Structure formats: structure tokens, C-alpha cells
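These notes are about the structure you will find just below.
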Amino acid sequence: MTEKYPEFGQIDYPRLAAEILAYWEHENIFEKSVNNRQGAHAFTFYEGPPSANGTPGIHHVMARTIKDIFCRFKTLQGYQVKRKGGWDTHGLPVELQVEKQLGITKEDIGKTISIAEYNQKCRETVMMYKDQWDDLTRKMGYWVDLKHPYITYEPAYIETLWWLLKQLYNKGLLYKGYTIQPYSPAAGTGLSSHELNLPGTYKTVKDTSVVAQFKVIRNARSEFLFQPEPAGGVFILAWTTTPWTLPSNTALAVGENIRYTVADTYNPYTHVPVRVVLASQLLTKYFSEKGANIDLAGYKPGDKVIPWKAVKEIQGSDLTGIRYEQLMPYLQPLHHAENAFQVVAGDFVTTDEGTGIVHTSPTFGADDFRVARQYNIPPLTVRDEAGNEVPVVDRKGKFVRAIGEKLKEAVEKYGIKTHRVLAADDFYVKNYTNEDESHPDYKSTDVIISIILKEENKAFRVEKYEHTYPHCWRTDKPVLYYPLDSWFIRTTALKDRMAELNRTINWKPESTGTGRFGNWLENLVDWNLSRSRYWGTPLPVWRTADGREEKCIGSIDELREEVNKAIAAGIENPNPDLLLRENLHQLDLHRPYVDEWVLVSETGKPMYRESDLVDVWFDSGAMPYAQWGLNPGLLAQNHSQPFNEGWNGAFPADFISEGVDQTRGWFFTLHALAVLLFDSVAFKNVVSTGLLLDKDGNKMSKRLGNVINPFETLEKYGPDAVRWYMIENAPPWENLRFNLAGVEEVQRKFFGTLFNTYSFFALYANIDGYIKDELNNSSPEALTLLDRWILSRLQELITTVTRAYNEYEPTRAVRAIQEFVCDHLSNWYVRLNRKRFWQPATRGELSADKKAAYDTLFNCLAVTAQLMSPVAPFMAEWLYKNLTDNIRQKAKAHNTPLRFESVHLTTLVQPEAQYRDEELEKSMDYAQRICSMVHALRKSSKIKVRTPLHRILLPVTDDRFAARVRMVENIIKAEVNVKTVEYLDDASGLLIKKAKPNFARLGKMYGARVKDVSAVIQGLSHQEIVQLEKSGSLKKHGFELTPDDLIVSTEDIPGWLVASENQLTVALDVTLTQELKQEGLARDFVNRIQNLRKDMGFAVLDKIAIEVDRKSLANGDGALLMDALNHYNEYIRTETQALSLEICEGLAHAMPVQLDNLVLNINIKLCS
RNA sequence: GGGCUUGUAGCUCAGGUGGUUAGAGCGCUACACUGAUAAUGUAGAGGUCCGUGGUUCGAGUCCACGCAGGCCCA
């Protein structure tokens, strides 16, 4: 094996990645990176399981890069980081996809297709794109265990979920109740939020809206509304766009802090005097300005303008507790009737629309339901034949008979014309029966109710109202908000504990934890667990038909026992041996099979499984436990944590990361279950990542055609550049505008520079025969100033990057590495050191100085490889292996740090304090700034850097400055090609000092008098400043100034070419002598020869002979150049590797070369 | 409607605890430099720091109210 460092003409990043990937897989580097850390502290990571029923997108590269970074970094730090992959397999998206594939709807399931067939199809579909996902995982370099993933549909996984549910059940945290949910009477089914979000669901419709008059009952509480004595009744006005809910009204909600006006006026339909209450802000909607000026008593029915008069203004809280008469007294509440028909406070009440008072019907609105429960307001319900309490609208969307009869009576009583005679069973709340709406006498139930209210002096205003309202995507009919049975997890029971434990979690960014998540926890409601679907984890609860007895099953062993009991009781069941643990892997716990088990109750009745499935978020939230499965031994002992081996030490997670949209999804379910089950957090650190948008800030979507294909992108740019760009561009929790131009830039700038730096190292190290020797590092004495400087910078880099990774701030880490490589290492250290590496005269010899240079550069590159490896694992590996493969055997033999065959197996370097030299860093900073200014001065006087100049002058205003610059004087001289640096102090008499106020200090001392004192300081003369500096204080205009009060600078030196910037001033002596010009010409000449060599394709070490045509030296500066060629003959030959430099007559094959005002004819030949 | 979040150069982003000339990279223009060369340097153009008020001697930074975008939820 060659000991040389590999050299590359150019770099092909995608190919590099492919080769490294093949190497990792062949050598099992990932497995080794985990197994090598056996016995080390564990760093636990949970993989949020993706669903493989869709193809992965570029945003998955982003999310997984974050995950990968910290797992790799913690491995470097010496932790053992196991990462079990996982697949989320249940849930609605899969079901919808299958329905689409098969061209069926939910109604067909169990009819045209059996549940068994359907679920089989789901099982196949959900892993449809697993190969693509695995492929992406590999190609982007995401290290996760794909060989032993947890899969949520597997029986062992589901069984663990059952066990967990049973724990909740036993703690009384799992219960059956109801909530108000979107429901489609036409389809006879509840609608998920997903179904409500389907395009076209929200339609603009014109509904009949009613402002109803609720008559206040006069009592002590309400007496203030009756002062002064009203002419008619006192009414609270409430607005609704669903008049059909008015018969079930049981409360009114007001905003506690909203202002309300009490006003006397007349009802526009009955013309009787009324006193009404409504939000002050909305007064103008109902009352005209004209009406305010008309005498109330003068009103006659038929008058166009209805007079009104504000009586008083009150606060919403004044109204709470007031009782009112039931608006449509058709039925009474079944229980707690004493609480019905009162005013309560609701936080959802606004004054945007309506009257600022919200009619509340607990059975038909989610807010209504919530506020009713809060104040113990009963719903208006009836008993069905079976004696169950049901709402007054049935599941077909029709009023129950008791209401229908009353409506029918009213229709007859008030002579309301309808398109056909309506029976008591005909009052559908919306047109679910396809009645002929074009019929001139067609009236919806809403309209009929409105008319009745008008007749009864209970409607203050009725009008058409246009708004958007959700419709069922299957039937196109309006949905109702309707009470539906559900199973709940009582998350509210441990709300405070959840919030408390949440405060111990490190959220990145913090606001997601305290704000988005924290606020949400405070307003938590119980977790609705039920889903009426087919492909999901079945709820393990069995009930008797009457619902009086129930059992929750926590394992298949328990189920088998219960089944055996049932069989013994004569209830037919499938073979219970199917439920033997050894058959677990082939058992199917899904529907319909799970529903075939029928149990027996204590009283001997058959028990059937509740048909609900469990919310798919329960599946993923339970992954910390279910990924391991239940351990039968521990289960039999009733162990409190009966999970298999991997569980131990892997809870809670140290780190998780997902998109911020998971806040109420996975982040919540993980947290909730951990708190409910084990009184623990589920994760200690969490990075929630932002969205990935296209380069213009739009969401990526197929419709817009702006979707970035992850495979193509990885293929084109290589994974490292994509990963690096994503992290470098913005902190991960910010939204990222993904721009391929940015990836290209990263590739060129960072990876290109790094590659060039390595190439430079390899080229010259090979020439000089340098090989890294870990046992023989250059001694500190051999290091030059620049070596010490870059090594100091390197220590700082290690510190910064380590801290950034530790704090989950990858962007900071990446930016620091990039700055180090591009600005410090490449553009300063290497550029200024080129001469040390490139010494043709001593090629092949490794002087102590050269070795120090190589050692330094090697260390910088090797450490860079390690620090960048979490983000750019491929390029880091490539770099590391190129640098170290040739010393591996020796390193292994001596057990030195570079003994590992992969950078990902190494141990993170520690910063070494003895290499840190902050003083030197400051000096170098001065050097860089001074050089920059001198370049600018040269530029403005048009003197190129090749032409040497005599000196630069530096005004010195403090001694530390001079000392710092002296340290790096040689570097400055070489960089800007000047012979000397002179320091000007006060003694020179050349300086003119100026003073600026030091506001940070003055502000604290003088406060409002800052302006005065700063004027004084700005007016100080040179002499005064010098005096102040000498004596340490100066009194002027009543201010006693000290040197700390001002910032002194020298901005000008009379008669010199000066540049000044941030208190730093440089003057350049631009006097050109013949000697200087000559030297400059010699350098120019070298440059032209080097260019020729390159153009002619000579190798770096080729020797040449140079011939210059004497005739071409006849004009212009020819004579001067001739002298230069003689005087600097040796210098020129050394630089250009020329064995000879001759001036000849009449050159035959000479090439014309431009040099200032000369055209030289030059010939160079290769010497063999 | 609520919670969270973002707004700084044409683009992508930096700008502890308030301090008086607001920076970087890319892009653009010009000129240089270079045996690392698809790199580099210097200079130039380019800014109502989203707006309006307020606090302060002093606000990109702190406060209030808006405007616009994003996410989550109603």
C-alpha cells in the first residue's frame, strides 16, 4: 500500500458519497459506531415513525438531517446511541388511499368488500413505498436501524397498546362519553377533521339568520334592567345562523369584558315596545342614527324609521346569572332543569358579528357543549324507546316527534304555507330529503322557525346571511355539529402535572415549548380516542349489549382466559389456541377478526367489542413502550413495566425531533402517555423543525409544480451539500426557503475550498514525503506564528462547535466551521504559508519548519473532518480517510487517536488550552485589517502588490496596540510587500489625535447631560487630548474628563496617503525608487514565466530553461528589466525552477508576453 | 377569532445585557492578484432596519398598537 496521500484532479461529490456509502455498508460502520460504545452511557433517541404509504419528499431530508446530526455527535462524544427505526402503519390516510385505489367509499366496506379484504389491502398499501424510504435513508446518510424497525400493525405492538390502555382504564383515565363532532346525517357518519379539510367542503351558502329575543325574568339579579320601568318586556338579543338549534337553547353566553347597551325601541315585526340588550359596538347594525332622534312615544306601526333610545350601558359580567324565559318551550331538560335558561360568560364571544350574545345549545355546538359543561347547564334532550338520552334531532337530521308536533301545530296556527303538508315527522333541520326548493312555497325548517318567532314577538331581525359552511364531501349536504359517543383519555386529570413536567423539557426553539405547547396544555381537553374506521388498533373494550358491564383487555393471555370463560359459558368463539403466545406472530388483532371474540360478563351476558378503533396518534405516542413489546415473564409477575429487554435505560428519550406541526401530534401524545402512565417526561430535548418552502416562500405542492425531488437533488449535488445547506442557511426551526442555487453555493464555497485545501496539502506533502506521525508531533518551538495562530483558532473552533452541538444549535456549529475553513484556514493560513510548503530547492526534504507546517495543516484538516462529520458525514469520512488511511496500522499498533477506520468511530477532540493564544488572535486580527487597508491604498494609487514599497506608518495611540502589531509585523510586510513598518507616537509630532465620546460609559455617568459632555469631548484639541492622556484627567466646561471617557483615534497624517477604519489608521509611503521598481519587475517576470509554465502544461517539478529575446528589451523599461534580470537572476531561477536564464539574440520560437509597457519575446524549454 | 412565529441590501442571513458610521455571503459593476484557479483580493452601487406611537440623553435592539407572511387550532 502506498503511503502517499491520494490526489484528485477534481471532485465528484455524488460519486464520493456513493463510494463512502458502499464502504460504510461493506464495513458495517454504523453497526460498529453503536457496538463500539457497548457499556458507555446511553443517549436515547426516538424515531418518529414515518408512514410509507407516500413517497418521501425533500423536507424529510431536512428532518432526518437534524436527527442524524445529534445522534452522530453524541456518538462522537462517546455515548452509545441506539436508533431503532419505525413505521407508522395505521390511520386514515392509508384508508383513504386504499378507498381511492379500489374506487370505493367507506360505505362499501363490509358490503362490496369484506373488512378482512379491505384491511389486507391496507396492510399491503401502507408499505408501498418502503423501498423508496429505505433508499432515501441510505442515500442521504441517515443512520438508523432499518433492519429491526418497530411496525405499528404488528400483533406484539398492538398488544402493548392494549396493555397500556388497560393501565389507563384501571386508573380511571379511559372512559366513554360524547363530544360534539361534525356529522353528516345524509351519510349517517361522523366526519374527521381531515374530511372537513378536503377541498370544496366549505361552501358559501345563504342561510336564514335570526336575532332572537330572549325575555328576561324580572328578579333581584335583573332588576337593574327594569329601571326605569320599560314600556314592554326586557329582551336579550342573540344571533344565530342555525335557527333550528333554537328549540334546544338552554343558555346565553356573553363576553365578561364586552360593553352592552340597554335600549328601548319597538319590535319591527309586531311593533310592540321592547327593551333590548346587545353589544354596544354592534348597536349601529340594528339601529339607525335617525331613529335615535325620534320620539319613542310617537311611533306608529308602519313607520319607516324605528325610534330607539339607549337607556344605559353595562358590562357583560353584569348580565351573568340572569334568567330568561325559554324561547320555544316545547320540551323541558331531562335533568338539572334549574340551571337551564341563564346567562353565562363565554371566552369565545366576540363582537365581530351578531349581537355580542351567543345562543347556546349544548347538543349542537362545540363551544356550547364546553361552556355548558363548565356551568353545569343541561342540554335539551329526550329519551328514545330504549330509554337512552338522545338529542332532539335524530341521526337522520330530523327533529324528534315531540318537537315536530309542536312545529306542525304552529305552522297550522299561523297559516304558514308550505310546498306540501308537513307531518310531525317531516321536520328535517336541513334539506336532507331533496325537497323541491324551487317550489314557490318551499320553506326550510329554519324559515318556518323564523316565522313562528316573528309571530310570537320573539324575533328582532330575520335575514338571509351569506357565510361559508362545511358540507359532507360525499353527499354535498350540510354537516351538523352533533353529539357522538366516543372513548376518551382523561388527559385533563393530569393537566397540571403535564404542564409541570413540560417545563423540564428543553425545547428548541423555546417558544414552541412554553407557548405553542405550554399554552395548549393549559387549555387541554380530554383526548378523544375513538375512530370509526377499520384499519387501526382496535379498542380492547368489550361490553354487554345494554352497556351496563364492560371489560378492558390488557394482553392476549388475558383475552384467551376470557374467551375460555365465554366458551365454558356456552358462547361460541373461534379456537382460543389462536391466542396462545407462541402463535402471536401470526395472530391478526385487527378487525374483523378481533370482533369475532365474544366474552361473557359477570352476569353471564355476552360481551361484544366496542367497534371503535384507537386514534392513530396513540400508536405513535406509545412507541417508547410498544417498540419493545411485552415480556411474558414480567407480564405474568404483574410487573409495572413489563416490556422487553431494549426498554431498560431507553426511557425517557434524550432527544427527539420532528416538524413543528407535530406539536399537538406526536410531541403531545408522547408526553401525555408518559405522564399518565409513568409520571415522567417522554423526552428531555426536542428540536421542532420548521417548514420547507420553495425558493419564493411558497409551500411545495404538486399543484404548483414546485416540488423538489429529493432523489434527484441528492444525486446531483451529493448528500453533504444538501445537508450542509439546510443547516447552514437558517436555524432548523425557521422555515427554510429551499433554493438549489444555495446548495450550489455551499458546494462551491465550503466543500470546494475544503477540497482545495486538502489537495494543496496532499500535493506538497507527497512531494516532500511528509507522513503524519502521531508519536512525533512538531514541538511547540518549531511552530511559526501563523501555525500557532491557526492552532489557536482551531481550539476556539472546537470549543464553539462542541458547545453549539451540545445546545442543539447546529447552524451555529456549521457556520463556525465554514468560517474557519474558508476565511482562516484557506484564505489566510494556507495563502500566507504557500512559500513554506512550496520550496522547490529543498523538495523531498522535511525540515523542522516544513514539518511544523504540515503537522499544523494536517491537524486543522483532521479536526475539521471530525467536527463536520455529523452534518456532512460523507465528505468528512472522505477527508478523514485520505488523511489517515496510510497510518492506520501504526495507529492501531500504538492505540493512538487515529486508529479508527472511520471518522464516525473516533472520539471527539477536546480543546487544548495550551494552544489557545487570544493575544495572538487579536494581533492577527490587526494584521488582517492593516493588510486590507494597505491593499486599498495601493489600489487607489495604482501600485500593484508585486511592486515593493518602502514602508507603512502606524500611528500608535496605546502601547498594547504597538506590541500586538509588532508580533505580526513580518506577516504584514510579506502580505502587502513593504520593507518596513514604522510606528508613530506622540513624540514624532506627526499625529493629530481626535476624540470621540465613549457613550456607553458617559451615558451611565451623565444621563441627560450626555449631549453637553459629548460636545465638549468632540471639541477637544490635539493638545488637550495629549494632556489628558498624560495627566489622567482634564477639566473643561465643568466636566472632569478621564481617558476612559473618550475613544482616541488618529484619522489623518498630514502629507501622507492614509486609510482609516474603526480606530485603526494606516499610512503608506508610495515613493518609488529604481530599486523598488526593479524588484517589482523581477517579480512580474516570475509571474509571467509561471503562467507560461502552466499554459504549456509543465508539471510542478519540471525544470526549465528561459531565454529572452534581447531585441524585445530595447524599448520602454527594457533597460530596467534587463538590470532586474541580472540582479535577481538567482531569485527568478529559484522561483521558476529554471536551470538557466539567458538573454539571447534572435529567438526563433519565442512567445510574446506583455509586461507593463513591454512586449517580451520569451522562450522556455523543458530540461530533461 | 386565539396561540406561537417571522419581517434588516435585489436574494439568503448575522446583528448578548439599548451607545451614535447597521454588517457578512451571493448577485451586479470595475480593477487587481494567483503553480489551491469553477478559487481569491480591493473598490463601487445597493438600506424609510415593516409602519405608527411611546420609554430614553440615545432605539434595528425595550414597550404598546397596527400591517404583511407562516404554522397550529377554532
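Each chain gets a letter, A, B and so on, in the order the sequences are listed, and its residues count up from 1. These numbers were taken from a predicted model, which means no experiment stands behind them.
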Between [M] and [N] - [atom1] atom distance, rounded Å:
N     : M     : atom1 : value
B:G1  : B:U61 : C1'   : 31 Å
B:G7  : B:U17 : P     : 15 Å
B:C73 : B:C13 : C1'   : 31 Å
B:G27 : B:G15 : P     : 23 Å
B:U21 : B:A59 : P     : 12 Å
B:C26 : B:A9  : C1'   : 12 Å
B:U52 : B:U12 : P     : 23 Å
B:G3  : B:G60 : C1'   : 26 Å

Handout entry: Pair of N/O donor and acceptor under 3.5 Å linking B:A36 base with A:S826 side chain
Key = yes

Problem - Quiz item: A:R737 side-chain donor-acceptor pair to B:C11 base, under 3.5 Å - result: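 No, the side chain and the base share no sub-3.5 Å donor-acceptor pair.
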
Exercise for the section: Verify whether one side chain among A:Y854 and A:D768 offers a donor that lies under 3.5 Å from an acceptor in the other. Expected result: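 Yes, side-chain donor-acceptor contact under 3.5 Å.
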
What is the distance, rounded to the nearest whole Å, between atom [atom1] of [X] and atom [atom2] of [N]?
X      : N     : atom1 : atom2 : result
A:K749 : B:A38 : NZ    : P     : 16 Å
A:Y725 : B:U12 : OH    : C1'   : 7 Å
A:N729 : B:C26 : CG    : C1'   : 11 Å
A:N739 : B:G25 : CG    : P     : 19 Å
A:I11  : B:A38 : CD1   : C1'   : 13 Å
A:E809 : B:A14 : CD    : P     : 11 Å
A:H59  : B:C71 : NE2   : P     : 13 Å
A:W520 : B:C73 : CH2   : P     : 9 Å

Practice task
Check each of A:L825, A:T864, A:I11 against A:L754 using the side-chain contact (heavy atoms from CB on, under 4.5 Å) test, and report the only one that passes.
Solution key: A:T864

Is there a Watson-Crick or G-U wobble partner for [N] with both distances under 3.5 Å, and if so, which one is it?
N     : result
B:G60 : none
B:U42 : B:A30
B:U48 : none
B:G1  : B:C73
B:A68 : B:U6

Heavy atoms only, 4.0 Å cut-off, all strands: where does [X] land among base, sugar-phosphate and nothing?
X      : value
A:R834 : base
A:D367 : nothing
A:F751 : nothing
A:S759 : nothing

Among the nucleotides [options], which one has an atom lying closest to any side-chain atom of [X]?
X       : options             : value
A:N519  : B:A36, B:U6, B:C4   : B:C4
A:R1093 : B:G35, B:G70, B:C13 : B:G35
A:S511  : B:A36, B:C13, B:C4  : B:C4
A:E734  : B:U6, B:C26, B:A36  : B:U6

Exercise for the section: Compute the centroid of each ring, for A:Y764 and then for A:F760, and state whether the two points are separated by less than 6.0 Å. Expected result: yes

Practice task
Please answer whether the main-chain N or O of A:Q181 pairs with a side-chain N or O of A:T179 as donor and acceptor at a distance below 3.5 Å.
Solution key: no

Exercise for the section: Give the C-alpha distance, both sets of side-chain angles, the deciding distance and a yes or no for side-chain contact (heavy atoms from CB on, under 4.5 Å) between A:W828 and A:Q928. Expected result: CA-CA 9 Å; A:W828 197 251; A:Q928 289 174 332; 3.2 Å; yes

Problem - Earlier contact from the 5' end, RNA chain B, for A:D823 and A:D1084 - result: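 Nearer the 5' end of the strand: A:D1084.
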
Is the shortest side-chain N/O distance from [X] to OP1 or OP2 of [N] below 4.0 Å?
X       : N     : result
A:N1087 : B:G35 : yes
A:N735  : B:G70 : no
A:R516  : B:C71 : no
A:S932  : B:U42 : yes

Completion exercise
Paired with A:W527, the side chain to side chain donor-acceptor pair (under 3.5 Å) test is passed by just one of A:T491, A:T492, A:D615, namely A:D615

Exercise for the section: Look at A:R723 together with A:D720 and state whether they make a salt bridge at an N to O cut-off of under 4.0 Å. Expected result: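 Salt bridge absent between A:R723 and A:D720.
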
Handout entry: Salt bridge A:E807-A:K508, side-chain N to carboxylate O under 4.0 Å
Key =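 No, no charged N to carboxylate O under 4.0 Å.
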
